Amino acid sequence: MEKNNRSLATRRALTKAALHLFAEKPYAEVSLLEITERAGQKNRNALQYHFGSKRALFEQILLSHADEIDTLRQQLIDALPKQNTVSVEVAIDIYLEPFLQYTRRSENGRLYAKFLAHFLRTPERVEKVLNPDIPMGTPPSSLAEVLISISTALTPEERDQLLFVSNAMMIYSVDNLVRAEEQNILALDSPMGRHILRTLHTSLVSLWTL
């Protein structure tokens with residue numbers, strides 16, 4: 001039991017250290033040694049022992065936070081009325097609001113916004129694409145289905161392109177707001193911060209209005 005507790009504590013320390021470092025600079029500029037030192041580990045092989053590689057740790061951070069956001073998003077999807085259509089405005093709410101909630105909720109959420117901003121600039125990024133063969137439900141049961149339902153005229157490739165641009169708009173905007181808040185320029189929940197987020201929502205609606 002004590003060994004398991006130590007192992008869990010080490011994994012958490014490495015994950016926390018890596019999240020901070022990947023939020024500070026691009027993936028390629030973060031070294032294994034930096035992560036282990038930031039985590040307070042004397043064993044330089046600790047990261048490889050617990051995660052296998054820097055890439056594996058990077059992906060685990062990426063996907064574990066994405067899963068938490070997906071949980072928030074699923075609550076919105078499950079609350080949709082049982083109808084055949086979803087408006088573009090509602091679809092963008094489902095797409096955007098969970099990420100904003102997660103960013104506001106904790107320091108880890110703000111770090112994750114920075115992490116994602118670097119992730120978009122990382123050649124090694126993990127591609128997550130929509131599955132064009134997902135059957136439509138009533139109501140849709142996933143973000144993929146929601147976006148497919150408002151863009152039926154698009155090919156899967158065109159939809160993926162639009163989603164990549166949407167992700168960039170959302171992530172870079174929130175990353176910039178987080179950094180502005182840290183520099184005491186404006187707060188996310190200030191009138192100006194809310195105005196910027198409403199403008200982001202409007203821009204995304206326009207982008208998906210075909």
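Everything numeric here is computed off the predicted structure, so don't read it as measured data.
- By the 6.0 Å contact criterion, CZ on R44 is open, its count of non-hydrogen atoms from other residues, nucleotides or ligands being 12 or less.
- Here the CZ atom belonging to F115 is positioned 5.0 Å from the CG atom belonging to L62, to the nearest 0.5 angstrom.
- Side-chain atoms of T71 come within 3.5 Å of backbone atoms of D67 as a donor-acceptor pair (strictly under, hydrogens ignored).
- Using a 4.5 Å heavy-atom cutoff, the side chains of E34 and K25 are in contact.
- Counting heavy atoms from C-beta outward, L76 and P98 have side chains that approach closer than 4.5 Å.
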Practice item. List the steps and the verdict of side chain to side chain contact (heavy atoms under 4.5 Å, CB included) for L177 and L197. Key: CA-CA 9 Å; L177 284 171; L197 292 175; 3.5 Å; yes
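- For the 3.5 Å distance criterion, the side chains of Q74 and D78 qualify, holding a donor opposite an acceptor.
- Across all their heavy atoms, S166 and L207 have their closest contact at OG-CD2, 3.4 Å.
- Here the CG-CD distance, from L32 to E37, works out to 11.0 Å after rounding to the nearest 0.5 Å.
- Residue S203 holds its OG atom at 4.5 Å from CE of M169, rounded to the nearest 0.5 Å.
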Exercise for review: Show the numbers, then the answer: is there a side chain to side chain contact (heavy atoms under 4.5 Å, CB included) between T199 and H195?
Suggested key: CA-CA 6 Å; T199 302; H195 171 69; 3.8 Å; yes
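- For CZ of R12, the number of neighbouring non-hydrogen atoms (other residues, nucleotides, ligands) closer than 6.0 Å is 12 at most.
- Once rounded to the nearest 0.5 Å, the distance linking CD1 of I92 with CD of E97 reads 12.5 Å.
- By the 4.5 Å heavy-atom criterion applied to side chains, L116 and H65 are not counted as neighbours.
- Contact record, I61 with A18: CD1-CB, 3.6 Å, taken as the closest heavy-atom pair.
- Here the side chain of T152 pairs no donor or acceptor atom with the backbone of S149 at under 3.5 angstrom.
- Heavy-atom minimum distance, V30 versus K54: O-NZ, 2.8 Å.
- A salt bridge links R104 and D189; the closest N-O separation between the charged side-chain nitrogens and carboxylate oxygens is under 4.0 Å.
- Between Y112 and F119, the ring center distance fails the sub-6.0 Å criterion.
- With a 4.5 Å cut-off on side-chain heavy atoms, N43 and Y49 do not count as touching.
- Using a cut-off of 4.0 Å between Lys/Arg side-chain N and Asp/Glu carboxylate O, K16 and E107 are scored as not salt-bridged.
- Across A91 and I150, no two heavy atoms sit closer than the pair CB-CD1, 3.6 Å.
- Side-chain contact check for T103 and R110: no donor-acceptor pair (N or O, by modelled atom type) lies under 3.5 Å.
- One distance of note links CD of Q48 with CG of N45; it measures 5.0 Å at 0.5 Å rounding.
- Salt bridge status for R105 with E68: present, with a side-chain N to carboxylate O gap under 4.0 Å.
- Taking the six-membered ring wherever Trp is involved, the centroid distance between the rings of H118 and F22 does not fall below 6.0 Å.
- What you find for A113 and D175 is that their closest heavy atoms are O-CB, 4.1 Å.
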Check your understanding: After noting the C-alpha distance and the side-chain angles of V174 and F99, does the key distance pass the side chain to side chain contact (heavy atoms under 4.5 Å, CB included) rule?
Key -> CA-CA 9 Å; V174 175; F99 183 65; 3.7 Å; yes
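- Across all their heavy atoms, A17 and A39 have their closest contact at CB-N, 3.6 Å.
- Taking 4.5 Å as the limit, some side-chain heavy atom of H20 sits within range of a side-chain heavy atom of R38.
- Considering CG of L21 and OH of Y27, their distance stands at 13.0 Å, rounded to 0.5 Å.
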Review point. Yes or no on side chain to side chain contact (heavy atoms under 4.5 Å, CB included) for Q60 and R11, after CA distance, side-chain angles and deciding distance?
Key: CA-CA 11 Å; Q60 178 167 316; R11 289 177 64 88; 3.7 Å; yes
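- A salt bridge links E59 with R55: the closest approach of a Lys/Arg side-chain nitrogen to an acidic carboxylate oxygen falls below 4.0 angstrom.
- In E157, the CD atom is not crowded: 12 or fewer heavy atoms of neighbouring residues, nucleotides or ligands sit closer than 6.0 Å.
- Inter-residue side-chain proximity for W208 and R159 is flagged as met; some heavy-atom pair is nearer than 4.5 Å.
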